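Below: one structure, written as structure tokens.
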Number of protein chains: 2
Amino acid sequence: MVVERKSHITIKDVAKLAGVGIATASRALNNRGDVHPETRRKVLEAAQKLGYVPNSLARSLVYGKTKKVGVIITTVLNPFYAAVVSGIERVLTANGYTLILYNSNEDPRKEREALLILRQQRVDGIIFAPIEYESQNVKYLIDSKIPFVLVARRTLEEDTSFVIADDFKVGKIGTEHLIEKGHRRILFLNSWKNSSAKFRLEGYKSALREAGFLINPKLIYSIKPDTDLKKLISEIFSSKSRPTAIFCFCDSIALEVMKVVKEEGLKIPDDVAILGCDNLDYTELLNPSLTTIDISKFDMGVLAARILLGLLEDNKEPVRYIFEPKLVIREST
Amino acid sequence: MVVERKSHITIKDVAKLAGVGIATASRALNNRGDVHPETRRKVLEAAQKLGYVPNSLARSLVYGKTKKVGVIITTVLNPFYAAVVSGIERVLTANGYTLILYNSNEDPRKEREALLILRQQRVDGIIFAPIEYESQNVKYLIDSKIPFVLVARRTLEEDTSFVIADDFKVGKIGTEHLIEKGHRRILFLNSWKNSSAKFRLEGYKSALREAGFLINPKLIYSIKPDTDLKKLISEIFSSKSRPTAIFCFCDSIALEVMKVVKEEGLKIPDDVAILGCDNLDYTELLNPSLTTIDISKFDMGVLAARILLGLLEDNKEPVRYIFEPKLVIREST
DNA sequence: CTGTTAGCGCCTTCAT
DNA sequence: ATGAAGGCGCTAACAG
């Protein structure tokens, strides 16, 4: 016969051992209201002796607040998001909040699932990098009434809080740099469906247009997580009119592209120039060092978290913040 | 038809709208017991209409299980841990578990705090990369009776579950490789206090000893998060008998070292060889490409999560698994 | 100052 | 097949 042992010490146990009522124990434990010093001592001692750990589920049930924040990003495998999450975490934990992390992996179904679970968990707020610019999931989130702030990516809604980079400018200054370097056929390996992809593409086009060049749709690709970069690149470079430069959506993609390009026996930047984006730590030491566009990753996370805290605690108006990107010229272009 | 909603719809609301009792609503919602098909339909419809989202806090209170797992690592900023976490997440979410992430940043106090909060949150289990080999926090965790598995780092306890690399071997094959390349003065930039540091150091010494060389304590350093690498390196290299090779605890450190070494005007590997560990994605493309030691990061996470699930669901015995490291020779040595 | 009581939202006997 | 009632652990009135 297995005896079902009570798995956790409760406040009841503490109260009993201290020889006081349950409410008194609660008061003593939480420094609330008036408790006789001696009583408090007894309670704390009992708690100590029993190894009492308050159950925050029960507490949250009562309070209606959980002190938890959900974070949904693409994947922490991308150092860009790792940095964003790190910034978020810094602020959140400093303010007594716990962080629940979800990686959507660019799959809207997983994103939706994450949202549902976060609602079930009754998180107080959500920080979110939505997969799509026109996002059903963000609509759903708005309906849910949970305070949230978008990070790194925005959506078409005008009245949401977000912290993003000026992606139009990213696309523009990157392309301008390549044009300046004499490139005319610039391959744009863009991301997929998200706001950054959308606005960077517009920046790319704008730069081309202003320089008086035609926009060649065949030079614009959307990379999905399952895209076979190797195949794509070698196809593109087997055509007669191969591009002389590649503008990659992010450094992670640029890294992959560099591998493939090298395998193809092409020299960087002589045969093909490569431009990344994010200015990840290692890009400075790549061979050749990667020209890229710096975006304040960590600070974006910090600010997003701060804004969310504002939303949670003061019930402020939506806040929008746009970080300025900065071109970092190195050897790859 | 606008529905006025209070802060959260409860099962009570659903029951009322469906015109049934709470218990029946619960049964219908959870496909439990016998419910008349027509009743079920009404309940589900009501839930749908109200946008009901079950409160998992309340549910967990009843069940005594939360379906949540806590993860404590050094920092997700290190791609090594990002990969580990990613592996963990893959398995956990696939099994209906939610992941709560904490970064200890090598600070035992933060680590302890994380442990406390996870207990308060009543997580079902914990996956944990402890900062110290002789860890008070792991003792505390053991006392807490929460099932856990250590990942990447172990402690002196023999009867805990863990998934680690064979760190003695890491230290050994790395050092042997450098010796083979003709190096005699090998600087070991080790980590701090954790099991990997301990065993790798033993491997390093063992290799030196077996080759018949003396162990020079002045060539062994422990890098802490706040160590000024630049200063350290330039001091070391300003002495007459400078090392000819540097064995770095991990690729992230190796990256920093490469930057500093280059600033000092030294050529790699001619003036100084550099060896990393972890085989991060970008190391292949560094200038020069980094010789490193491959460790199955993602798989370590996957396995740790699987083992934890085993512990949670079948209440199995502790499981220990040690991954084989593999030397990856490139240009930097 | 302290104990009793009524929930927070949900699930589960136990009757009906 | 269904509803009433008790309880998970905790906090907040409300009485003493």
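In what follows, every heavy atom counts, from backbone to side chain, and hydrogens, waters and symmetry copies are set aside. These numbers come from a predicted model, not from an experiment. Naming convention: chains lettered A, B, ... in sequence-line order (proteins, then strands); numbering from 1 in each chain.
To the nearest angstrom, P of dG9(D) lies 14 Å from CG of Leu50(A). Going from atom CD of Gln121(B) over to atom P of dC8(D) covers 21 Å, rounded to whole Å. Note: CZ (Arg41(A)) to P (dC1(C)) measures 16 Å, nearest angstrom. Residue Lys65(A) contributes atom NZ, which lies 17 Å from atom P of dT11(D) at whole-angstrom precision. A straight line from CZ of Arg119(A) to P of dG9(C) spans 15 Å, rounded to a whole angstrom. When the C1' atom of dG3(C) is taken as reference, atom NZ of Lys12(A) falls 14 Å away, rounded to whole Å. As a whole-Å value, the separation of Ile9(B) CD1 from dC10(C) P is 10 Å. Following rounding to the nearest Å, Asn31(B) (CG) and dA1(D) (C1') show an atom-to-atom distance of 15 Å.
Between Glu134(B) and Arg153(B) there is no salt bridge, since no side-chain nitrogen of the basic residue lies less than 4.0 Å from a carboxylate oxygen of the acidic one.
For the residue pair Thr93(A) / Tyr102(B), no side-chain donor-acceptor distance below 3.5 Å is found, with atom types taken as modelled. In summary, the side chains of Asn78(B) and Thr75(B) do not present any donor paired with an acceptor at a separation below 3.5 Å, with no hydrogens or angles considered. Between the side chains of Arg59(A) and Asn30(A), at least one donor N or O sits under 3.5 Å from an acceptor N or O.
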Can you tabulate the close N/O pairs, meaning under 3.5 Å, that link protein atoms to atoms of nucleotides 12-16 of chain C?
none

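Mapped onto DNA chain D by nearest heavy atom, Arg59(A) and Val20(B) fall at different nucleotides, with Val20(B) at the one closer to the 5' end.
A cation-pi geometry, defined here as NZ or CZ lying under 6.0 Å from the six-membered ring centre and within 45° of its normal, does not hold between Arg306(B) and Tyr321(B).
Checked against ring pair (Phe, Tyr, Trp, His ring centres under 6.0 Å), Tyr63(A) has no partners two or more places apart in sequence or in another chain.
When the side-chain nitrogen and oxygen atoms of Asn55(A) are compared with OP1 and OP2 of dC8(D), none of them lie within a distance under 4.0 Å. Within the 4.0 Å cut-off from OP1 or OP2 of dC10(D), not a single side-chain nitrogen or oxygen of Ser56(A) is found. A close approach under 4.0 Å does not occur between any side-chain nitrogen or oxygen of Ser60(B) and OP1 or OP2 of dC10(C).
Each end of the helix from dC1(C)-dG16(D) to dT16(C)-dA1(D) yields a helix axis from five base pairs, and these two axes differ in direction by 50° (to the nearest 10 degrees).
Just one residue in the list Asn137(A), Thr74(A), Asn103(A) forms a side chain to side chain donor-acceptor pair (under 3.5 Å) with Glu111(A), and that residue is Asn137(A).
Counting heavy atoms from C-beta on, the side chains of Ser161(A) and Phe148(A) never come closer than 4.5 Å. Looking at heavy atoms from C-beta onward, Val163(B) lies in side-chain contact with Phe323(B) at the 4.5 angstrom threshold.
Base contact: Asp34(A) has a heavy atom under 4.0 Å from a base atom.
Of the candidate nucleotides dA1(D), dG9(D), dC10(C), dG9(D) has the atom lying nearest to any side-chain atom of Leu61(B).
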